[in-house]
Amino acid sequence: MALRFYNTLSQQVEEFHPLESNIVRMYTCGPTVYNYAHIGNLRTFTFEDVLRRWLRYRGYRLDHVMNITDVEDKIIRNAMAQGKSLQEYTAVYEEAFFEDMAKLRLERPERIVRATEHISDMVAAVERLSEKSYTYQSDGSTYFRIAKFPDYGKLSHTDFSGIRAGARVDVDEYDKADARDFVLWKARKENEPAWETSLGSGRPGWHIECSVMSMKYLGETLDIHAGGVDLIFPHHENEIAQSESLTGKQFVRYWLHAEHLLVESQKMAKSLGNIYTLGELMEQGYQPEAIRYLLASVPYRKKLNFTFDGLKSAATSIERLRNFNTRLETENFPEGVGAGGDERAARALNEFENGMDDDLNTAAALAAVFEYIRDTNSTMDAGGFRKGDVASAQDVMQRFDSVFDVLHPGEQAGGIPDAEIEALIEERIQAKKSRNFARADQIRAGLVERGIVLEDTKEGTRWKRK
RNA sequence: GGCGCGGUAGCCAAGUGGUAAGGCAGAGGUCUGCAAAACCUUUAUUCGCGGGUUCGAUUCCCGCCCGCGCCUCCA
C-alpha cells in the first residue's frame, strides 16, 4: 500500500503524493532558543527525524527547512535581565540544541534558518499584506485582521463565529480590533532590542517568521508542515492566514502534528519538577539511543507516557536488537543457504514497510522486526541458518536501522581499553582450561563491574560494552 | 462550555466485524562448569462501563465514567 499520513487539515489519513513527483518540500517548527530543550520537545523532533528518514527510505529527495526562533518575548526578557545581546543569549541554547540533536542522532535538515536573519523579508511580507489591506495599526504595532480571512479556523476546526468582534482580550498591552487578530509587527517597548524598519521600531510577531521563511525557501505551497499539536492553534492557523492571504494559494498540503508526551502519567510542569532535558537523563546513566528508541517507538499521534521503567525497557529492547545483529556478524554459520531464509527476510521487510507506510506506525514496524529476530534466532539454534542467509538478514537489520538508528552504540568516553579487555579474556580462557573457575568467574565479574559483559559462544568468547 | 485525542495483560503498545501482534518485566524449562546470549512453555475467555445493531463486536451506533490536550505566542 502507498505511504499515508494523517492530515490535520482533513482529519483523515490520506495517501501522500508530493507536488513534484520525487522531491518533498517540508518545513518543521524548530526550537525557540530561550532554554534547553526538554524531553517533550525532543519527542517532536524525533518524530520529524523518523518522518525524514522514512521519506528518504521511500526514495524521495528532501528539502527540509527548520527554523530557529531567536527573537521572542522570553528571549528578550531573559537577555535583558542578563545584560546580554539577543545573539549572546540565544547562542548558548542553539548550540545545546544541536548537541542534543547529534546525541539523539537527529538528522540535520537541509536548511536551518533563523528569524533574526530574515527581518527584512518579514517586513516586506507585512507590507504586502498591508497593501492588500489585511492589516491595521494600533499603538505602533501592526495586526492581521482575521475578519478578512474567511477560512480562519480550517486547520483547528474551530468555529469562531461566536466570538464577539471588538472583544479586547489583551487589554493591558495592545489594542486589537478583534480577539482573534494577532500581531505581525510589535512596537518596541522602552529599551527593548528592536529593528528600525519601515514598519516602525520594533520586532516581528511570532507567526510571520514561519510563513516567510518557509515560502522563501520552499515556494508558496509546501508539501509537509509538521510540529507539535499545541501549535495547531494559533500558530499554524495564523501561518495559514498570513500565507494564503499573501499568495492566494494553498499554503500546506499535509499538516502533521505530533502528540505531547506525559511524564509518569502526568503532564510536564515546572511545579511537578518533571521536565527533563537530554543532559539530565544522560547524567542518570541512560543512553541517548535508548531515549531515541523510546521516543520513536510510540506512534507519533499517540500520547507518549515517558517513564523510567519505559526507558529501562527501551534499553533492554535495544540490547536484543544489537545481540541479534552481533550474532549475524560474528557467528560462524554452516556453508550453503537455508530453507526459507530469504522468504522470512522478505516477509519481515514487507511488514516493516507496511507499518511505516501506515502513518509511521513505528510500533507495528518494530513488531515485524522482533518477530523476524525470534524466528531467525530459532532457526539459527536449530542449525537451519546458513552463511548464504546472512546477507538478507543483514539487509533487514540495516533497513530497520536506517530509520531507527539504534543498532550501533555511540562513542563512550573513558572505559577500559580494548587491549586490556582482550588480555583479561585470554587469561580467563587459560583459567577455564585449567578448570580454575574461581579465577575465571572473578575476571568476568570484575569486567561486569566495569561495564563489560562476556559471552562464551561456540566461536569463543565475545564481549560487549553495556 | 466548544473542539480534539485516548482508555487493550504488571508496564509500554499494535490491531481487525469472526474470535487478542510485538517489547519489557515475572514464572518454569533447554543449553552452559557457572553465567551471558538464544530458544521453548507460561502470563488478557478478554479489550473503561451500560445498552443497541449483527449469526457474531475489542473493532459499528447511542449513552455514561475516567484521563489528557488546545481555546492567543507552550513541542
Side-chain angles (χ1 to χ4, degrees), chain A residues 8 11 28-32 37-48 69 72-74 153 156-160 162-163 169-170 176 179-183 186 205-207 226-235 237-238 257-262 265-269 293-294 297-299 301-307 309-321 323-324 326-327 331 351 355 358 361-382 432 435 437-438 440-441 444-445 448 453-457 461-464 466:
Chain A
T8 306
Q11 297 181 294
T28 57
C29 287
T32 299
H38 60 246
I39 192 71
N41 298 319
L42 297 175
R43 197 257 169 124
T44 298
F45 296 123
T46 303
F47 145 65
E48 288 158 0
T69 298
E72 172 266 357
D73 285 353
K74 286 188 285 290
S156 55
H157 304 97
T158 309
D159 178 6
F160 289 95
I163 294 184
V169 177
D170 211 4
K176 294 196 282 190
R180 304 169 299 170
D181 292 346
F182 58 91
V183 69
K186 269 190 178 180
W206 176 36
H207 314 293
V229 282
D230 57 307
L231 296 183
I232 295 171
F233 187 87
H235 184 53
E237 198 74 74
N238 291 351
H257 292 98
E259 250 299 347
H260 277 5
L261 82 68
L262 305 172
S265 301
Q266 294 184 295
K267 62 179 162 184
M268 285 191 306
Y293 180 93
L294 179 60
S297 62
V298 176
R301 283 202 296 129
K302 178 151 180 139
K303 284 182 189 67
L304 191 160
N305 188 15
F306 180 89
T307 65
D309 275 354
L311 192 47
K312 286 176 195 130
S313 102
T316 315
S317 299
I318 292 177
E319 278 302 300
R320 181 166 168 76
L321 295 160
N323 286 338
F324 178 73
T326 303
R327 196 172 183 188
E331 200 160 309
E351 284 171 22
D358 181 15
N361 187 340
T362 49
L366 277 170
V369 173
F370 279 107
E371 224 164 332
Y372 173 71
I373 288 177
R374 188 183 8 82
D375 279 0
T376 306
N377 269 323
S378 185
T379 307
M380 287 172 173
D381 288 355
K432 276 173 65 177
R435 303 195 67 77
F437 295 121
D441 290 352
R444 186 172 61 197
V448 164
V453 179
L454 300 189
E455 294 176 12
D456 296 332
T457 73
T461 300
R462 68 183 177 214
W463 61 273
K464 64 185 179 191
K466 191 152 186 168

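Lettering follows sequence order; numbering is per chain, from 1.
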Whichever of A/Lys464 and A/Asp441 has its nearest RNA chain B nucleotide further upstream toward 5':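 Whichever sits nearer the 5' end wins; that is A/Asp441.
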
5' precedence on RNA chain B between A/Arg462 and A/Gly205 (nearest-nucleotide basis): A/Arg462

Below 4.0 Å: OP1/OP2 of B/C73 and any side-chain N or O of A/Lys186: no

Distance test, side-chain N/O of A/Arg180 to OP1/OP2 of B/C71, below 4.0 Å: no

Report which part of the nucleic acid [X] touches: base, sugar-phosphate, or nothing (heavy-atom distance under 4.0 Å, all strands).
{"X": "A/Glu319", "answer": "nothing"}
{"X": "A/Asn361", "answer": "sugar-phosphate"}
{"X": "A/Leu231", "answer": "sugar-phosphate"}
{"X": "A/Pro31", "answer": "nothing"}

Atom-pair distance ([atom1] on [X]; [atom2] on [N]), nearest Å:
{"X": "A/Leu366", "N": "B/A14", "atom1": "CG", "atom2": "C1'", "value": "11 Å"}
{"X": "A/Arg435", "N": "B/A35", "atom1": "CZ", "atom2": "P", "value": "15 Å"}
{"X": "A/Asn323", "N": "B/C39", "atom1": "CG", "atom2": "C1'", "value": "14 Å"}
{"X": "A/Asp230", "N": "B/C68", "atom1": "CG", "atom2": "C1'", "value": "13 Å"}
{"X": "A/Phe47", "N": "B/A75", "atom1": "CZ", "atom2": "P", "value": "16 Å"}
{"X": "A/Leu42", "N": "B/C74", "atom1": "CG", "atom2": "C1'", "value": "15 Å"}
{"X": "A/Leu304", "N": "B/A13", "atom1": "CG", "atom2": "P", "value": "7 Å"}
{"X": "A/His207", "N": "B/C74", "atom1": "NE2", "atom2": "C1'", "value": "12 Å"}

Sticking with atom [atom1], work out how far [N] lies from [M], rounded to a whole angstrom.
{"N": "B/A75", "M": "B/G15", "atom1": "C1'", "result": "28 Å"}
{"N": "B/G6", "M": "B/C47", "atom1": "C1'", "result": "14 Å"}
{"N": "B/U41", "M": "B/C24", "atom1": "P", "result": "15 Å"}
{"N": "B/U19", "M": "B/G29", "atom1": "P", "result": "34 Å"}
{"N": "B/C55", "M": "B/A21", "atom1": "C1'", "result": "27 Å"}
{"N": "B/A44", "M": "B/A20", "atom1": "P", "result": "12 Å"}
{"N": "B/U59", "M": "B/U46", "atom1": "C1'", "result": "13 Å"}
{"N": "B/A57", "M": "B/G26", "atom1": "P", "result": "37 Å"}

Got a second to check how far [X]'s [atom1] is from [Y]'s [atom2], nearest 0.5 Å?
{"X": "A/Met380", "Y": "A/Phe324", "atom1": "CE", "atom2": "CZ", "value": "4.5 Å"}
{"X": "A/Leu294", "Y": "A/Leu261", "atom1": "CG", "atom2": "CG", "value": "8.5 Å"}
{"X": "A/Asn305", "Y": "A/His260", "atom1": "CG", "atom2": "NE2", "value": "14.5 Å"}
{"X": "A/Phe233", "Y": "A/Arg180", "atom1": "CZ", "atom2": "CZ", "value": "9.0 Å"}

Using Watson-Crick or G-U wobble geometry with both distances under 3.5 Å, which nucleotide pairs with [N]?
{"N": "B/U19", "value": "none"}
{"N": "B/C68", "value": "B/G4"}
{"N": "B/U30", "value": "B/A38"}
{"N": "B/G63", "value": "B/C49"}

Any sub-3.5 Å donor-acceptor pair from [X]'s side-chain atoms to [Y]'s backbone N or O?
{"X": "A/Thr376", "Y": "A/Ile373", "result": "no"}
{"X": "A/Asp358", "Y": "A/Asn361", "result": "no"}
{"X": "A/Ser317", "Y": "A/Ser313", "result": "yes"}

Output the single nucleotide from [options] whose closest atom is nearest the side chain of [X].
{"X": "A/Val229", "options": "B/G69, B/C39, B/A25", "value": "B/G69"}
{"X": "A/Arg320", "options": "B/C74, B/A38, B/C68", "value": "B/A38"}
{"X": "A/Phe437", "options": "B/G23, B/G33, B/C40", "value": "B/G33"}
{"X": "A/Glu455", "options": "B/A75, B/A37, B/C71", "value": "B/A37"}
{"X": "A/Lys267", "options": "B/G33, B/C68, B/A14", "value": "B/C68"}
{"X": "A/Arg444", "options": "B/C74, B/C34, B/A38", "value": "B/C34"}
{"X": "A/Ala363", "options": "B/A38, B/A14, B/A35", "value": "B/A14"}
{"X": "A/Ser317", "options": "B/C24, B/G22, B/A75", "value": "B/C24"}

Student check: side-chain heavy atoms of A/Phe370 and A/Arg320 closer than 4.5 Å: yes

Side chains of A/Val298 and A/Arg43 in contact at under 4.5 Å (non-hydrogen atoms): yes

Counterpart residues, salt bridge (Lys or Arg N to Asp or Glu O under 4.0 Å), relative to A/Lys464 (two or more places apart): A/Glu319, A/Glu455

Show each protein N/O and nucleotides 1-11 of chain B N/O combination with a separation under 3.5 Å, one pair to a line.
{"residue": "B/C5", "atom": "O2", "partner": "A/Lys303", "partner atom": "NZ", "Å": "3.1"}

pi-stack flag for A/Phe370 and B/G22, centroid dist under 5.5 Å, interplanar under 30°: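 Here A/Phe370 fails the 5.5 Å or the 30° condition.
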
ring centroid sep under 5.5 Å plus plane angle under 30, A/His260 with B/A75: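 Yes; by the centre-distance and plane-angle rule, A/His260 counts as stacking on B/A75.
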
Exercise: do A/Thr32 and A/Glu72 side chains pair donor with acceptor under 3.5 Å: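 Their side chains do not contain a donor-acceptor pair, so the 3.5 Å distance test is not met.
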
